[in-house]
Amino acid sequence: MTFFDLLPLYLNGAWYTLLITLGGCALAFVIAMTVGIVGSVRNPVLRAAAAVYVEVFRGVAALVLMFWLFYALPLVTGYRVEPVFAAILALGLNVGAYGAENVRGAIKAVPRAQYEATVALNMTPVQRMRMVILPQAWAQMLPTFGNLAIELMKGSAVVSLIAVSDLTFVAQQLRTFSGDTALAFTAALVMYFIIAQVLLFFVRMAERRADRRLGRAPAKPTRRGGRIAAAVKGGGA
Amino acid sequence: MPQSDNLPAGAAGHAPGEEPLIRFDKVVKRFGRNVVLRELDFTVDAGERVTLIGPSGSGKTTILRLLMTLERVNGGVIWVNGDSLSHMRRNGRLVPANEKHQREVRKKIGMVFQQFNLFPNMSVRRNITEAPVHTLGISREEADQRAEELLDMVGLRQKIDAHPTQLSGGQQQRVAIARALAMRPQILLLDEVTSALDPELVAGVLDVLREIARTTDITMLSVTHEMAFAKDVSHRVLMFDQGRIVEEGPPEQIFGDPHEERTKEFLHAVLEG
């Protein structure tokens, strides 16, 4: 058997990995924004609630949370959760807690002078956040969001343990059937890498767009290109 | 008359018309152990132009920041148009102001900052129009038209779709002035608005402010080290030192014939550089 014979199986696995990654990212994003914003308001009760969320879900292992949702929740509530859904929930809740800290930090990093200008223009707290603070914090959040998305994607490999046929699951099965351990796992590694690159591509696009909006991006060339060009220039001098 | 324990007697007792536009009544402001304002009393009438001078740390900027509700008083009351900035009436008692009350009172107040503080996520146009549209509730068209008029006035009409980062400091400050005026304030606070500018850009900004002083009846409170400008536009100059008013008077007297030793020293230091 060659890799190309196995490709459809891998693509099927990649589909599940992608599905769980995107679902988990969507959930994590909503949680991160909500909890992050709530965590940066002045009201101490709301702030404390956000802090509790972050500490609880940052402190539990996504794998154990997923097992709990899949195995324990039905016993406790009588309600059975689809394995894919349990995976999305576990990863989203967990990564959302990290994301919330990222959002809170980015909001805090917006200069106080910007907040003061919104007060001088008599904006409401909601208008301040929506029109001035968040749009500026956004550019700062994106790089970390990119990292978290990739972490979540790699973390999704744990779903193979509750029999979701994702990339890792497929790789293990093919290893058993074909006996070609090296091929099975090498192929899986490559597929994960490709998915990560696709995710990063979109995050970098969003980063460039956010920087342009704040008027601080060099129009086209990427940051990496700029740095290399600068290094070459410096080296030649 | 309703009183709360930390309010001086007679604070709200004036009949309408007698009340000055702004009144500081035994205002105390501390930052930690550092007392910045010590029971400060002063008033500003509607339409008056007042310049605050004095060494750094004397409390001038704090006065503007208290008026803009960027800081809270530790004692005393600031009255604007007969309303307390820091307190509101509830069941006949004065209680600490909530956000809604503060928004109502500061509707009349605009501020221009030393570092311009334009919003980098918005074009010049949106910097000027967003707040009027969302907080005053005027239409986009009206806000746009007003922005164009104001940019004409500050000489930057052609920059309306530019991004703040594409402007020089002086241009940014002129946009910031237009942004503050778009809110149609009754009181304009100017906090060292030329201090962050390269020397050759200062004149353009001061010319715009002279023009505003000439053509409007907006009450202006400015903290500045530009003594020539202070002389031109102000009706009254207040000399501060260590949280107190050392001397006050018309600009001709303060700059031409200061009575207090501290004022003489300060002016000498500033003018001789």
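Convention: sequence-line order gives letters A, B, ...; per-chain numbering from 1.
- Residues Val119(A) and Arg106(B) meet the side-chain proximity criterion, which asks for heavy atoms closer than 4.5 Å.
- At a 4.5 Å heavy-atom cutoff, the contact between Glu99(B) and chain A is made by side-chain atoms alone.
- With hydrogens and angles ignored, the 3.5 Å screen pairs a side-chain donor or acceptor of Gln127(A) with a backbone N or O of His134(B).
- Arg179(B) touches chain A through backbone and side chain together, each having a heavy atom under 4.5 Å away.
- Side-chain contact check for Pro135(A) versus Met122(B): every heavy-atom pair is 4.5 Å or farther apart.
- The two residues Gln136(A) and Asn121(B) have their closest heavy-atom pair at NE2-OD1, 3.2 Å.
- Interface remark: Ile109(B) contributes backbone atoms only to the contact with chain A (heavy atom separation under 4.5 Å).
- Annotation: the span from His163(B) atom NE2 to Arg212(A) atom CZ amounts to 11.5 Å, rounded to 0.5 Å.
- The backbone N or O of Leu136(B) sits nowhere less than 3.5 Å from a side-chain atom of Asn122(A) that would complete a donor-acceptor pair.
- Residue Leu189(B): no heavy atom, backbone or side chain, is found under 4.5 Å from chain A.
- No side-chain heavy atom of Leu121(A) sits under 4.5 Å from any side-chain heavy atom of Thr135(B).
- Both the backbone and the side chain of Met68(B) come within contact range of chain A, judged by heavy atoms closer than 4.5 Å.
- If you measure heavy-atom distances from Phe119(B) to chain A, the contacts under 4.5 Å come from both the backbone and the side chain.
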